[in-house]
S.K.: 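Encoded as structure tokens, here's the structure I'll be asking about.
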Amino acid sequence: MVTALEVVEGIKSGNISCEELLLQIYERIERSELNCFITLNKETAVREAREVDKRREEEEYRRKKLLGVPVAVKDSISTKGIQTTCASKILTGYVPPFDATVVAALKKEGAIIVGKTNMDEFCMGSSTETSYYGPTKNPHDLTRVPGGSSGGSAAAVAAGETILALGSDTGGSIRCPASFCGIVGLKPTYGFVSRYGLIAYANSLEQIGPMASTVTDTALLLEILSAKDDGDSTQLKIQNNAATNYCFSWLNGTGNERAAIKGMTIGVPKEFIEGCSPEVERSVWDALHNYEDLGATYGEISMRNLKYALASYYIIAMSEASSNLARFDGLRYGLRTGKDEDWHTTFSRIRSEGFGEEVKRRIILGTYALSAGYYGKYYLKALKVRTLIKNEFEEALKTYDLLAMPTMPFVAFKLGERIKDPLSLYLADVNTVSVNLAGVPSLSIPCGVSHGLPIGLQLVGKHFEEDELLRAAFVYEQNSS
Ligand code: GLN
């Protein structure tokens with residue numbers, strides 16, 4: 001499959017026809033058994049591709065950084081005129097009247113929206129099995145999950161059903177599926193990318209981020225996503241941030257990428273490796289030895305509060321979700337069933353029918369954690385633990401440039417294997433959720449294969465130092481095979 005960078009160059013030079021590329025992609029999607037997409041945008045996309053082919057030599061088009069690149073968008077991100085469901089029955093038929101800021105930024109740079117990708121309902125899950133539209137399958141083994149919740153986006157990139165994809169990550173939803181599908185996925189620093197138009201699950205934790213088959217494409221997409229926006233007051237307005245400068249001096253061919261990591265220090269928190277499957281552990285140590293050969297050094301560290309990360313994350317995420325999801329009542333848009341009765345009956349019927357089991361479980365648990373009498377015992381305590389975890393990350397990142405660990409403790413599991421036991425699914429998130437609690441940036445890059453199933457290495461950096469993550473990942477990508 002071609003990379004985004006090759007597509008842009010190919011279209012600009014006339015060696016690639018945008019329309020042909022797009023039709024190939026749709027043909028693949030239509031033949032696919034993976035169920036990566038909920039809604040396709042074929043008619044508009046093909047029309048736009050023809051326009052790109054016709055006008056590619058015009059100055060205005062030549063300046064576009066993603067000219068003609070097919071991008072799949074997770075169904076939690078609003079797209080004007082294209083159904084956006086968050087993989088939930090309650091939003092079926094909802095067509096947003098506006099674009100999320102990231103989608104507007106993609107369009108401005110000439111990207112073409114392929115369609116909306118499948119996901120866990122309201123981003124709640126790690127396997128894409130809670131989708132109202134049925135699960136997505138892992139392209140490396142159709143009997144296994146692609147990870148989640150951005151499973152459709154990851155599987156689509158891995159199977160060549162798109163070139164780039166957007167995901168959203170509240171507790172691992174970009175990195176987990178990137179790891180299980182063998183692609184690159186980056187969760188930016190909290191506050192790096194505008195979330196205007198992202199349907200909220202847990203606001204204090206989530207970010208939209210890029211998913212791609214190479215580190216360079218990830219960087220290319222990240223730059224576009226970081227477009228400044230007044231619509232999200234939590235976005236930090238850093239002008240010319242380091243990440244984008246670095247990516248682009250690097251994309252233009254300057255800088256010696258091997259030398260760039262000489263002297264880089266990597267901390268390896270042992271708690272993140274304990275409990276991993278042996279093949280995952282082996283691949284991560286191999287990657288670290290590889291880094292050593294390339295001029296970096298690593299040291300083992302301990303992060304004692306990691307054991308509280310899952311409890312703290314799930315209490316905070318569910319509490320925020322219970323409040324965020326209160327807005328879905330089916331009265332103005334989305335699902336409307338039965339005849340209207342009094343408000344309580346109608347509201348309760350629509351929500352009972354419209355939300356899936358996992359979403360209801362979380363609304364109930366979150367409401368409980370926030371209720372009078374339990375607020376201090378659960379929610380407030382979880383916030384305090386969150387501060388301890390954040391401090392621990394900051395402390396570790398004072399000593400080391402980066403931290404490294406497995407993204408997931410094991411390779412992709414079988415469809416149906418964990419879905420009946422929510423706790424065993426939650427436990428799979430142990431390495432990813434702590435990063436969202438701390439708000440630091442992190443990416444997953446393929447670092448090995450076990451019985452045909454990909455393994456991901458998670459790199460974690462300092463706030464707003466996405467450039468260091470990309471540099472380290474790029475060097476690894478170029479030197480491992
Ligand atoms: N698996 C985690 C959860 O279910 C993370 C999901 C996410 O990042 N959206 O909450």
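Atoms considered below: every heavy atom in the structure, side chains included; atoms not considered: hydrogens, waters and symmetry mates. All residue numbers refer to positions in the sequence shown, counting from 1. In each ligand, atom 1 is the first atom listed, and ligand 1 is the first ligand listed.
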S.K.: Just jot down the side chain to side chain donor-acceptor pair (under 3.5 Å) partners of Thr84, sequence neighbours excluded, or say none.
M.R.: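 Residues passing side chain to side chain donor-acceptor pair (under 3.5 Å) with Thr84: Thr79, Lys116.
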S.K.: One residue to check: Tyr201. Relative to ligand 1, which of side chain, backbone, both or neither has a non-hydrogen atom less than 4.0 Å away?
M.R.: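 The answer is the side chain.
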S.K.: For Cys123, take its heavy atoms, then give the atoms of ligand 1 lying under 4.0 Å from any of them.
M.R.: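 By the 4.0 Å cutoff, the relevant atoms are 6 (C), 7 (C), 9 (N).
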S.K.: With a 6.0 Å cut-off on the ring centroids, do Tyr333 and Tyr94 count as close?
M.R.: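 Distance test on ring centres: under 6.0 Å, yes.
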S.K.: Is the shortest distance from a heavy atom of Gly125 to ligand 1 less than 4.0 Å?
M.R.: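 Heavy atoms of Gly125 do come under 4.0 Å of ligand 1.
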S.K.: Hey, would you say the Tyr400 and Tyr298 ring centroids sit under 6.0 Å apart?
M.R.: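 Not under 6.0 Å, so no.
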S.K.: Near Met124, which atoms of ligand 1 are under 4.0 Å from a heavy atom of that residue?
M.R.: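 Those atoms are 4 (O).
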S.K.: Using a 4.0 Å cutoff against the non-hydrogen atoms of Ser149, which atoms of ligand 1 qualify?
M.R.: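 In order of numbering, the contacting atoms are 9 (N).
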S.K.: Which bit of Thr170 is near ligand 1, meaning a heavy atom under 4.0 Å away: side chain, backbone, both or neither?
M.R.: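 Near ligand 1, Thr170 shows its backbone as well as its side chain.
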S.K.: How close does the nearest protein non-hydrogen atom get to atom 2 (C) of ligand 1, and which residue and atom is it?
M.R.: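 In this structure, atom 2 (C) of ligand 1 has Asp429 OD2, 3.2 Å as its nearest protein heavy atom.
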S.K.: Could you tell me whether some N/O pair between Gly172 and ligand 1 is separated by less than 3.5 angstrom?
M.R.: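 Checking ligand 1 against Gly172, an N or O pair does fall under 3.5 Å apart.
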S.K.: Closest non-hydrogen protein atom to atom 5 (C) of ligand 1, residue and atom name please, with distance?
M.R.: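 That would be Tyr313 OH, 3.3 Å.
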S.K.: Verify, without hydrogens or angle tests, whether Asn290 (side chain) and Ser480 (backbone) share a donor-acceptor contact under 3.5 angstrom.
M.R.: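 Such a contact is absent between Asn290 side chain and Ser480 backbone.
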S.K.: Where's the contact between Ser173 and ligand 1, heavy-atom distance under 4.0 Å: side chain, backbone, both or neither?
M.R.: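 For Ser173, backbone and side-chain atoms both sit under 4.0 Å from ligand 1.
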S.K.: When you look at OH of Tyr132, are more than 12 heavy atoms from neighbouring residues, nucleotides or ligands closer to it than 6.0 Å?
M.R.: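 Result for OH/Tyr132: open.
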S.K.: Tell me whether Glu357 is salt-bridged to Lys360, with the criterion being a basic N under 4.0 Å from an acidic carboxylate O.
M.R.: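 No.
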S.K.: For ligand 1, does Arg362 get within less than 4.0 Å through its side chain, its backbone, both, or neither, judged by non-hydrogen atoms?
M.R.: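 For Arg362, only side-chain atoms sit under 4.0 Å from ligand 1.
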S.K.: Is it true that Tyr313 and Tyr426 have ring centroids separated by less than 6.0 Å?
M.R.: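 No, ring centres 6.0 Å or more apart.
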S.K.: Is there a polar contact between ligand 1 and Lys74, counting only N or O atoms under 3.5 Å apart?
M.R.: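 There is no such contact.
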S.K.: One thing to verify: whether Glu223 and Lys65 come together as a salt bridge, which I'm taking to mean a side-chain N less than 4.0 angstrom from a carboxylate O.
M.R.: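 Yes.
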